[in-house]
Amino acid sequence: MQKLGVNDKEFVKEVTPRSEDFSQWYLDLVLKTELMDYAPVKGCMAIRPYGYAIWENMQRLLDKRIKATGHKNAYFPLFIPESLLQKEAEHVEGFAPEVAMVTHGGNEKLAERLVVRPTSEAIICSMYAKWIQSWRDLPVLINQWCNVVRWEKNTRPFLRTSEFLWQEGHTVHSTDEEAEEETLKMLGVYKDFVENELAVPVISGLKTEKEKFAGALRTYSIEALMADGKALQAGTSHNLGQHFAKVFDIQFLDKDKQLKFAWQTSWGVSTRLIGAVIMVHGDDRGLRLPPQIAPIQVMVVPIITKKKKEEVLDRARNLLSDFGDTLRIEMDDREEYSPGWKFNEWEMKGVPLRLEVGPRDLEQGGVSAVRRDTGEKMFIADGELPLLLPSLLVDIQENLFRQARDFREKNTSRVDSYDQLKETIQEKRGFVRAFWCGEGRCEEEIKNETKATIRCIPFPEGDQETGLCCFCGKQHSKMVYFARAY
RNA sequence: CGGGGCGUAGCGCAGUUUGGCAGCGCACUUGGUUUGGGACCAAGGGGUCGCCGGUUCAAAUCCGGCCGCCCCGACCA
C-alpha cells in the first residue's frame with residue numbers, strides 16, 4: 001500500500017455545514033442521504049431503504065446478543081385496552097399524555113377505547129399473568145421487535161418521532177437479586193453493542209428518581225455525547241421491581257410453597273440510535289458510517305473512459321465477485337454520472353471505503369482507495385487487497401470510536417461550584433461532572449436555571465469519591481453527569 | 001400547548017406589496033458528445049398555486065375560516 005495524501009478538497013454544498021447550524025445540518029443530511037422522508041402525519045416518517053438497511057444491521061447485531069443471553073423473540077399486540085394501561089398508577093400518569101387512542105372500529109364506537117402501545121408493559125404483563133404459575137415457569141426471558149407510538153409535541157427525524165421502531169425486552173424473575181442482575185446485564189449488552197458496533201462511546205449509570213421510567217423501581221441508561229455537546233439517552237434498562245406484578249397479579253408458587261409476586265425487568269433501544277450515529281460521527285461532508293453497520297462498506301467506482309471501458313468494468317466486477325461474500329461491496333457503474341459526482345455522493349452517504357478503478361490503476365496493477373473517516377488516499381496493489389480491505393474497515397471502525405471518545409473526553413468537564421456548572425453548561429456544553437446530594441429539589445432547580453439534567457449517576461469505580469453538593473453544599477454527595485439533552 | 005416561519009412541478013424558490021397568459025434553477029425523459037473530485041449541447045414532459053368559502057369581468061395575489069409542516073420553548077426514547 002502506498003499513501004497518496006489526504007483529500008481535503010471542498011465538497012459541493014448540498015448540506016448546510018455542521019459548524020454553521022447543527023440542527024439544519026442534521027435535517028438536510030437525513031433527507032439528502034435518503035435515510036428518511038416526511039410522511040403525511042405529523043411526526044411520522046418513512047424510513048427509506050438506505051436508512052432501513054442501517055436499522056437491519058443494528059437489529060442483526062443486537063438480536064444476536066439478545067439471543068446469546070438466553071432471550072427469545074415473540075410478538076404482542078399493537079392495541080392495549082385502556083383499562084390495562086391504567087392499572088399501574090405511575091405508568092399511566094407518565095404515558096397518558098402521549099398515547100394515541102382508537103375509539104372506533106369501522107363505523108361503530110368501541111365499548112372500550114384501545115391504546116396504541118407507547119410501550120408494552122401492560123399488554124405483556126396481562127399475558128404473563130396467565131403463563132406464570134410456578135417457580136418452574138421462571139425466568140421468562142422475552143424480547144420483541146416492534147413499533148410504538150407516542151404522541152410527541154416536538155418531533156425530529158429518528159430522535160423523536162410519533163411512531164418509532166425498537167426492541168423491548170420483558171423478563172420475569174423469582175427474586176429481586178435476579179431481576180437486578182438481569183437489568184444490569186442488559187445494560188451491559190447495550191453498552192457493548194453501541195460501543196463496538198456503532199462506535200459510539202457511552203457512560204452508563206443509574207437514572208435519578210425524576211428521570212426514571214414511569215412505573216419502574218430503578219432505571220439505568222447509557223448516555224452518549226453528540227457533536228454539538230448535547231447528550232442523548234441511547235438505551236435504558238429498567239428494574240420494575242414488583243410494581244407491575246402486583247397490579248397485574250403475576251404470582252408464582254415458590255419452592256418454599258409460598259405464593260409470591262414476581263420480579264420484572266424491561267429494556268429497550270430504538271431507531272433513535274440511527275440519529276446518534278449521525279450526530280456523533282457525521283461531518284461537513286455528510287455521514288460517516290461505522291463499517292459494522294454501514295449498508296455499503298466498500299463502494300467501487302469504475303473510471304469509465306471510451307478506450308478502456310470494458311477492461312475497467314471487468315476489473316470492477318471481479319472485485320465484487322472476489323469480495324462479495326465477505327464484505328458489503330457494491331459498484332456504481334452508472335454512466336450518466338461523472339466520477340466526481342459519485343465521489344461526493346458516496347462520501348455524503350457515509351460509505352467507509354471507496355475503491356477507484358481506472359486505466360491508470362489497471363496499468364499499475366492495483367486500485368486507488370479513499371477512507372471516508374480520514375480522507376486519506378492510497379494505492380493498493382491487487383495482491384494486497386484480501387488482507388488490506390478487511391483490516392482497513394476494522395481500522396476505520398476503531399478510528400471512529402477513538403475520535404468520538406476523544407471528543408467526549410475533551411468535552412467532559414469537572415466542576416466544583418454551581419457557578420462553574422452554569423458557566424460550563426452555557427459556554428462549553430458537553431458532559432459536566434459535579435457532586436449532587438440526591439435531592440430532587442436541587443436537581444429541579446438546576447434544571448430550571450441551566451436546562452441541564454442529570455444524565456446518570458455513574459457506577460462507582462473503585463473507592464467512590466464524595467464531596468459537597470454543587471447546589472446546596474451538603475456533604476457526602478455523589479459525582480453525577482449533567483448535560484443538556486435531546 | 002405558547003412564540004415564530006412556511007405551504008406555487010419531485011426538490012429549492014421567484015411571482016403576492018400594486019388582481020390581468022403560472023415562471024426560474026436543479027431533478028426527470030429522449031438523442032448525441034463526455035467521464036481520475038458534482039460534464040456539455042439540443043429537444044421534451046410535468047401544475048387543483050395546501051383546503052373551503054367570499055369579493056371581482058378576472059384571484060397564486062385581496063378578505064374570512066380551516067388544515068398541515070418546520071424551527072424555538074415547556075413535556076418526552
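Lettering follows sequence order; numbering is per chain, from 1. Source: prediction; values computed, not measured.
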Base, sugar-phosphate alone, or nothing: which one does [X] contact when heavy atoms must sit under 4.0 Å apart?
| X | result |
| --- | --- |
| A/T155 | sugar-phosphate |
| A/L27 | sugar-phosphate |
| A/Q24 | nothing |
| A/P359 | base |

- Query: When you measure from the centre of the six-membered ring of A/Y337, is the NZ or CZ of A/K342 under 6.0 Å away and within 45° of the axis?
  - Reply: no
- Query: So which heavy atom on A/P302 is nearest to which on A/V312, and how close?
  - Reply: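 Looking at all heavy atoms of both residues, the shortest contact is CB-CG1, 3.6 Å.
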From the options [options], select the nucleotide whose nearest atom is closest to the side chain of [X].
| X | options | result |
| --- | --- | --- |
| A/S23 | B/C72, B/C75, B/G37 | B/C72 |
| A/Y38 | B/C71, B/C75, B/C70 | B/C70 |
| A/Q233 | B/A77, B/G73, B/G37 | B/A77 |
| A/N344 | B/A77, B/C71, B/G37 | B/G37 |
| A/E152 | B/C76, B/U34, B/C71 | B/C76 |
| A/P339 | B/G36, B/A39, B/C71 | B/G36 |
| A/R360 | B/G36, B/C72, B/A77 | B/G36 |
| A/S270 | B/A77, B/U34, B/C71 | B/A77 |

- Partner nucleotide, any strand, of B/C6 [Watson-Crick/G-U, under 3.5 Å]: B/G68
Rounded [atom1] spacing from [N] to [M] in Å:
| N | M | atom1 | result |
| --- | --- | --- | --- |
| B/G46 | B/G25 | C1' | 16 Å |
| B/U17 | B/G7 | P | 15 Å |
| B/C57 | B/C52 | P | 23 Å |
| B/U8 | B/C69 | C1' | 16 Å |
| B/G47 | B/U33 | P | 32 Å |

- Apply the side chain to side chain donor-acceptor pair (under 3.5 Å) test between A/E443 and each candidate in A/T208, A/N448, A/T453; give the one that qualifies.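 Among A/T208, A/N448, A/T453, the one meeting side chain to side chain donor-acceptor pair (under 3.5 Å) with A/E443 is A/T208.
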- Testing A/Y50, A/F158, A/W166, A/W145 for ring-ring contact (aromatic ring centres under 6.0 Å, His included) with A/W55, which one passes? A/W145
- Tell me whether the OP1 or OP2 atom of B/U35 has a side-chain N or O from A/K306 closer than 4.0 Å. no
- By nearest nucleotide on RNA chain B, pick out whichever of A/S338 and A/K451 is the more 5' one. A/S338
- Task: Take A/R160 and A/K307, find for each the nucleotide of RNA chain B with the closest heavy atom, and name the residue whose nucleotide sits nearer the 5' end.
- Result: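 Looking at RNA chain B, the more 5' nearest nucleotide goes with A/K307.
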- Confirm from the modelled atom types if A/S368 and B/G36 form a donor-acceptor pair under 3.5 Å, side chain to base only. yes
